[in-house]
Engineer: 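Below you will find the structure I want to go over with you.
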Amino acid sequence: MKNKKIAIILVNYCNYLLTAECIESIRKSFYTNYLIIVIDNASPDSSGEQLKDIDGIHFIQADQNQGFAYGNNLGIQYAIEKMAEYILLLNNDTIVDKRMIGELLSNADENTVTAPKIYYMNGEKTAPTLWYAGGDLDFKSLKGRHRGLGQADRGNFDQANSVTYAPGCCLLINRNIFDKVGLLDEDYFMYCEDTDFSYRLLNNNIKIQYIPSAVLWHKVSASTGREMSPLITYYVFRNRILFAQKNLNKIYIFWAYYINFIEILKAWLGRRPSTYKKYGFWGIIDAFKQDFGKSRRRLI
């Protein structure tokens, strides 16, 4: 097995317990040549102060909350300064399987990033529920699609293969790849920055490899509320348009507005979450106004 120095980056915002539990799971890993970098994104509660007191981590206190990409970028830059050869972007609301880090590293190189099989953290052990088992950039919906989403894992997704999308939830990246594709795009603030990053990887001939022997458990949306909360709804609607603007042509930009409005219409018909009506509409309005980064709206 490769013995490369890995920097593991966790971004925290008002979730000391989630982050501490994730750190504890990392420390049970069979792979041990790593450093843990925790970025507190200016949490207004005491979680940053509590995390700073955890032994053996590298702690960075951001002076403002400028989003998921911003926090990760602080960690990436610090990791490069510390001469880490690989960087693992990892959500703080996850539990790491003991073999995951080593399995991801065994399949990664300067032209390949790796992503694990990810389960919902629902307590099911015999046939756990899949959250991610490979993925695809879907230009019809203008977002990343998860293979196997919501399905019980019965061995249908046990083949390693190249994919076109991997979520920022967990991604192992050789440090030199950032020289080719750049850091995460902070205009997104949160959500869809991984769609953008996947697209840039592929455009720079970097392969994204799904590794089913690497396993992660994800407490989905535990750090941001339920799966389609007002917060998530707003950023998904707005950032779908931003992704099209940054990477695609005018037809796709029009299409992004169109499918957003269709989703809102379906919400009024009772076929989509009610949050779409207000917060999805706000996302469309702000995208039209070119108002990106951290929203100034009250998203609760």
Side-chain angles (χ1 to χ4, degrees), residues 7-27 35-79 87-96 118 120-123 131 167-171 183-194 216-239 273 275 278-279 282-283 286 291-300:
I8 303 172
I9 297 174
L10 304 174
V11 177
N12 175 77
Y13 184 75
C14 297
N15 273 297
Y16 166 77
L17 288 177
L18 284 178
T19 306
E21 288 171 359
C22 183
I23 291 169
E24 184 62 26
S25 74
I26 293 169
R27 288 177 169 167
L35 64 149
I36 299 173
I37 303 170
V38 176
I39 299 90
D40 182 67
N41 251 356
S43 298
D45 66 1
S46 62
S47 60
E49 289 298 316
Q50 291 175 285
L51 289 167
K52 184 168 62 176
D53 292 335
I54 295 178
D55 290 335
I57 68 168
H58 298 251
F59 180 80
I60 299 173
Q61 180 63 66
D63 57 6
Q64 55 184 330
N65 177 19
Q66 291 298 325
F68 179 79
Y70 171 81
N72 273 293
N73 286 342
L74 287 179
I76 293 166
Q77 291 162 339
Y78 181 85
I87 294 166
L88 179 65
L89 304 183
L90 182 65
N91 272 24
N92 67 328
D93 56 352
T94 59
I95 299 295
V96 173
I118 306 176
Y120 282 95
M121 190 74 177
N122 59 3
W131 184 73
C169 176
C170 184
L171 199 60
L183 300 176
L184 300 182
D185 192 325
E186 296 174 15
D187 283 347
Y188 291 91
F189 187 74
M190 62 190 302
Y191 294 101
C192 300
E193 70 285 308
D194 49 9
L216 182 71
W217 300 85
H218 187 16
K219 304 166 188 176
V220 176
S221 300
S223 59
T224 55
R226 62 190 184 278
E227 284 199 65
M228 285 310 293
S229 66
L231 180 78
I232 297 172
T233 298
Y234 170 84
Y235 283 111
V236 168
F237 272 67
R238 191 197 70 177
N239 291 346
T275 53
K278 178 178 179 180
Y279 300 98
W282 280 358
D286 287 352
D291 188 359
F292 299 115
K294 184 177 182 179
S295 175
R296 291 168 288 183
R297 297 183 183 273
R298 187 173 175 82
L299 301 174
I300 58 173

Engineer: Could you measure the distance from the CG atom of L10 to the CG atom of N72? Nearest 0.5 Å is fine.
Structural biologist: 9.0 Å
Engineer: Can you see whether D45 engages Y16 through a side-chain donor-acceptor pair at a distance of less than 3.5 angstrom?
Structural biologist: no
Engineer: What verdict does the salt bridge (Lys or Arg N to Asp or Glu O under 4.0 Å) test give for D291 and R238, after you've listed the backbone C-alpha separation in whole Å, the side-chain angles of each residue and the deciding distance to 0.1 Å?
Structural biologist: CA-CA 9 Å; D291 188 359; R238 191 197 70 177; 5.5 Å; no
Engineer: Has N92 got a side-chain atom pairing as donor or acceptor with N12's backbone, closer than 3.5 angstrom?
Structural biologist: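 Pair absent, no side-chain N/O of N92 close to backbone of N12.
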Engineer: How long is the gap from CG on L216 to CD1 on I95, to the nearest 0.5 Å?
Structural biologist: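 Answer for the CG-CD1 pair, L216 versus I95, is 8.5 Å.
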Engineer: Which pair of non-hydrogen atoms, one from D194 and one from G168, has the smallest distance, and what is that distance?
Structural biologist: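 Heavy-atom minimum between the residues: OD2-N, 3.0 Å.
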Engineer: Can you tell me how far SG of C169 sits from CD1 of I118, rounded to the nearest 0.5 angstrom?
Structural biologist: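 If we round to the nearest 0.5 Å, I118:CD1 and C169:SG are 4.0 Å apart.
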Engineer: Does F68 have any ring-ring contact (aromatic ring centres under 6.0 Å, His included) partners at least two apart in sequence or in another chain, and if so, which?
Structural biologist: none
Engineer: For N239 and M190, indicate whether the former's side chain and the latter's backbone hold a donor-acceptor pair under 3.5 Å.
Structural biologist: yes
Engineer: Between the main-chain N or O of Y13 and the side-chain N or O of N15, is there a donor-acceptor pair closer than 3.5 Å?
Structural biologist: yes
Engineer: What's the shortest heavy-atom distance between A7 and A79, and which atoms?
Structural biologist: CB-CB, 3.4 Å
Engineer: Please identify each residue that fulfils ring-ring contact (aromatic ring centres under 6.0 Å, His included) with Y279, with sequence neighbours left out.
Structural biologist: W282
Engineer: Could you give the distance from CG (D40) to OG (S46), rounded to the nearest 0.5 Å?
Structural biologist: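 So the CG of D40 and the OG of S46 are separated by 10.0 Å.
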Engineer: Between A69 and E193, which heavy-atom pair has the shortest distance, and what is it?
Structural biologist: CB-CG, 4.4 Å
Engineer: Got a list of side-chain donor-acceptor pairs under 3.5 Å for residues 52-59, not counting sequence neighbours?
Structural biologist:
unit_1: K52; atom_1: NZ; unit_2: E49; atom_2: OE1; d: 3.3
unit_1: K52; atom_1: NZ; unit_2: E49; atom_2: OE2; d: 3.4
unit_1: H58; atom_1: ND1; unit_2: Y78; atom_2: OH; d: 2.8

Engineer: With sequence neighbours excluded, what pairs up with P273 under the side-chain contact (heavy atoms from CB on, under 4.5 Å) test?
Structural biologist: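 If we apply the side-chain contact (heavy atoms from CB on, under 4.5 Å) test to P273, skipping adjacent residues, the hits are M228, T275, Y276.
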Engineer: What residue pairs, at least two apart or across chains, pass salt bridge (Lys or Arg N to Asp or Glu O under 4.0 Å) with a residue in residues 16-26?
Structural biologist: E21-K219
Engineer: Could you tell me which residues satisfy ring-ring contact (aromatic ring centres under 6.0 Å, His included) with F189, sequence neighbours excluded, listed by chain and number?
Structural biologist: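 If we apply the ring-ring contact (aromatic ring centres under 6.0 Å, His included) test to F189, skipping adjacent residues, the hits are Y235.
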Engineer: Does N65 use its side chain to pair, donor to acceptor, with the backbone of S43 at less than 3.5 Å?
Structural biologist: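 Not a single qualifying donor-acceptor pair exists.
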